[in-house]
Amino acid sequence: MEYKDLNGCVCCLFFEKGQSQIDSRHVLVIGKHNGKWLLTRHSVRGLEFPGGKAEPGESLEQAAKREVYEETGASVNSLEWLAEYTVYTDKPFSKTVFTAVIEDMAEVEWMETDGPILVAELLIDENYSFLMRDAGMEAIIEKVKTIEKW
């Protein structure tokens, strides 16, 4: 699927592994805890799913678990690959999207966020990050809703 994000960048979304031309080093984690969506409030962008960039020597799975913990205090129980999307900016990059079942949550010193937000329903409006409001994220959320465990 090709679309433009809210910054006007062309993006390509893939629901099959190995479709992107660029190796992913970024992660996004769509998690649920006790039936509620796990979000975080980024201090500048607003509500969004936790995620970030893999550190040198870190696998995408390790990065996903670390980012979720740093941004929300949540421990990931199961992590599954869902999608990947490429953003064509001056420095194009790919981001891998995982789904996760969240075990438990602890209070930690939040990094770059104001901590966890649990919501029963995703009612995406101006309080949400621009990252949550484009056609790609809409397609990702719809795909997640078709997964039985959700």
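Atom set for the values below is all heavy atoms of this structure, side chains included, hydrogens, waters and symmetry mates excluded.
- The main-chain N or O of I117 is never found under 3.5 Å from a side-chain atom of R41 such that the two would form a donor-acceptor pair.
- Residues L13 and I22 do not share a hydrophobic cluster, defined by chaining ILVMFWY side chains whose heavy atoms lie under 4.5 Å apart.
- Here R66 pairs with E55 in a salt bridge; the nearest charged N to carboxylate O distance falls below 4.0 Å.
- Cluster annotation: F130 and M137 are assigned to distinct hydrophobic clusters (Ile/Leu/Val/Met/Phe/Trp/Tyr, side-chain heavy-atom contacts under 4.5 Å, transitive).
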Verify side chain to side chain contact (heavy atoms under 4.5 Å, CB included) between Y85 and Y3, making sure each step is shown before the conclusion. CA-CA 10 Å; Y85 63 92; Y3 62 96; 3.9 Å; yes
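- L82 is listed as a side-chain neighbour of K143, based on a closest heavy-atom distance under 4.5 Å.
- Although no hydrogens or angles enter the test, the distance criterion places a donor-acceptor pair under 3.5 Å between the side chain of H33 and the main chain of I102.
- The two residues A64 and L79 come nearest to each other via the heavy atoms CB-CD2, 3.9 Å.
- Taking 4.5 Å as the limit, some side-chain heavy atom of F98 sits within range of a side-chain heavy atom of E61.
- In this structure a side-chain-to-backbone donor-acceptor pair under 3.5 Å is missing from N7 to C9.
- Remark: of the listed residues T89, V87, V10, V87 is the sole one forming a side-chain contact (heavy atoms from CB on, under 4.5 Å) with D5.
- Nearest heavy-atom pair across L123 and Y128 is O-CE1, 3.2 Å.
- When all heavy atoms of F49 and V29 are compared, the pair lying nearest together is CB-O, 3.4 Å.
- Every residue two or more places apart in sequence or in another chain that forms a side chain to side chain contact (heavy atoms under 4.5 Å, CB included) with E67 is listed here: V27, E70, E71.
- The environment of CG in D125 is crowded: more than 12 heavy-atom neighbours from other residues, nucleotides or ligands sit within 6.0 Å.
- In terms of the side chain to side chain contact (heavy atoms under 4.5 Å, CB included) criterion, residue partners of R25 (sequence neighbours excluded) are, by chain and number, A54, L60.
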From CA spacing to verdict: side chain to side chain contact (heavy atoms under 4.5 Å, CB included), E48, T113: CA-CA 10 Å; E48 59 190 25; T113 74; 5.9 Å; no
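- The side-chain heavy atoms of E84 and S20, taken from C-beta on, include a pair separated by under 4.5 Å.
- Of all heavy-atom pairs between M1 and G136, the closest is CE-N, 4.0 Å.
- In this structure, E138 places its CD atom where only 12 or fewer heavy-atom neighbours from other residues, nucleotides or ligands lie under 6.0 Å away.
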Using the side chain to side chain donor-acceptor pair (under 3.5 Å) rule, take S75 and E103 through it: C-alpha gap first, then chi angles, then the decisive distance, then the call. CA-CA 6 Å; S75 298; E103 274 181 10; 5.0 Å; no
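- A distance of 12.0 Å separates CG of L47 from CG of L131, quoted to the nearest 0.5 Å.
- Between M105 and L38, some side-chain heavy-atom pair lies under the 4.5 Å cut-off.
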Under the side chain to side chain contact (heavy atoms under 4.5 Å, CB included) rule, what do W81 and K17 come out as? Steps first, then yes or no, please. CA-CA 9 Å; W81 188 97; K17 286 185 178 181; 3.3 Å; yes
Could you please spell out the steps behind the side chain to side chain donor-acceptor pair (under 3.5 Å) verdict for T40 and T72? CA-CA 6 Å; T40 190; T72 69; over 6 Å; no
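- Closest approach of Q19 to F14, counting heavy atoms only: CB-CD2, 3.2 Å.
- Atom NZ of K95 and atom CG of L28 lie 5.5 Å apart (nearest 0.5 Å).
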Would L122 and L39 count as a side chain to side chain contact (heavy atoms under 4.5 Å, CB included) if you check the C-alpha gap in whole Å, the side-chain angles of each, and the deciding distance to 0.1 Å? CA-CA 10 Å; L122 292 173; L39 301 169; 4.0 Å; yes
Given the rule in the side chain to side chain donor-acceptor pair (under 3.5 Å) test, do S24 and S94 qualify, once you have shown the distances and angles that lead to the verdict? CA-CA 4 Å; S24 176; S94 287; 5.8 Å; no
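- Residues K65 and V76 meet the side-chain proximity criterion, which asks for heavy atoms closer than 4.5 Å.
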